[in-house]
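A quick write-up on the structure given underneath.
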Amino acid sequence: MKIEDKKVVQFHYTLKDADQNLLESTEGDTPVAYLHGYQNMMASLEDALSGKAAGDKFSVTLTPEEGYGERNEEATQRVPIKHLQGAKKWKPGMVATVQTEQGQRQVTVVKVGKFMVTVDSNHPFAGKTLNFDIEVVDVRDASDEEVAHGHAHGVGGHQH
Ligand code: ZN
């Protein structure tokens, strides 16, 4: 069965940056599941998966624009340390949750002072070239319910 619209696809991936540093991998973990053709995946990645079948292995490289966008240097700001949620003690590189007018946001801690912390609200992979090694694990027809919801259910997909 080939990957096309209204198929639920399960795949493993290993993601590396331009210098081949490992960023993320699902190997040894649950594969990702998504509903093809419903913009649940970065468009370039979905294009690369299109027409593939279970057992296929391939690599695809995404530019920063195709991935998480370019870094926005204005997205770095100083906030009171008491506004950070997720840990008691903060160190550079840690990921914190902050409450903003747009709701909760994940930020990366850049610098820690006594009362103020410098945080970066760019996505951790913003500005990075993304090298994906992909292995398609399973391709199946989506259920009517999945098509109605616009996402995959079950292992690796949406849990209700
Ligand atoms: Zn659903």
Handout entry: Same cluster (ILVMFWY, side-chain, under 4.5 Å), Val139 and Val8
Key = no
Problem - Pairs flagged by salt bridge (charged side-chain N to carboxylate O under 4.0 Å, His left out) wherever residues 119-139 is involved - sequence neighbours left out - result: Arg71-Asp120
Completion exercise
Heavy-atom nearest pair, Gly157 first then Ala33, reads N-CB, 3.8 Å
Quiz: residues 77-90 side-chain donor-acceptor pairs under 3.5 angstrom, not counting sequence neighbours:
none

Problem - Donor-acceptor contact below 3.5 Å, side chain Gln106 vs main chain Val95 - result: no
Practice task
Quick one: which residue pairs count as a salt bridge (charged side-chain N to carboxylate O under 4.0 Å, His left out) with a foot in residues 13-29, not counting sequence neighbours?
Solution key: none
Exercise for the section: May I ask you to decide if the ring planes of His149 and His160 are parallel, tilted or perpendicular, using 30° and 60° as cut-offs? Expected result: perpendicular
Fill in the blank from the handout: So the salt bridge (charged side-chain N to carboxylate O under 4.0 Å, His left out) pairs with at least one residue in residues 41-60 (sequence neighbours excluded) are none
Exercise for the section: Please collect all salt bridge (charged side-chain N to carboxylate O under 4.0 Å, His left out) contacts where either partner lies in residues 144-160, sequence neighbours excluded, each pair once. Expected result: Arg140-Glu146
Exercise for the section: Please round to the nearest 0.5 Å and tell me the distance separating atom CG of Asn131 and atom OG1 of Thr61. Expected result: 4.0 Å
Problem - Ser25 side, atom OG; Phe132 side, atom CZ - distance, nearest 0.5 Å - result: 11.0 Å
Exercise for the section: Assess whether atom CD of Glu74 is packed by more than 12 heavy atoms of other residues, nucleotides or ligands within 6.0 Å. Expected result: no
Practice task
Would you please name every residue forming a side chain to side chain donor-acceptor pair (under 3.5 Å) with Asp5, sequence neighbours left out?
Solution key: none
Problem - Salt-bridge contact Lys7-Asp141 (side-chain N to carboxylate O under 4.0 Å) - result: yes
Practice task
Measure the OH-CG distance between Tyr68 and Leu62 for me, rounded to the nearest 0.5 Å.
Solution key: 9.5 Å
Practice task
Step by step, work out the side chain to side chain contact (heavy atoms under 4.5 Å, CB included) result for Leu49 and Val136.
Solution key: CA-CA 8 Å; Leu49 280 152; Val136 180; 4.0 Å; yes
Practice task
Indicate yes or no for a side-chain donor-acceptor contact from Arg105 to the backbone of Thr97 under 3.5 Å, with no hydrogens or angles considered.
Solution key: no
Practice task
Of all the heavy-atom pairs spanning Ala96 and Val109, show the shortest one and how long it is.
Solution key: CB-CG2, 4.4 Å
Problem - Tyr38-His36 side chain donor-acceptor pair, cut-off 3.5 Å - result: no
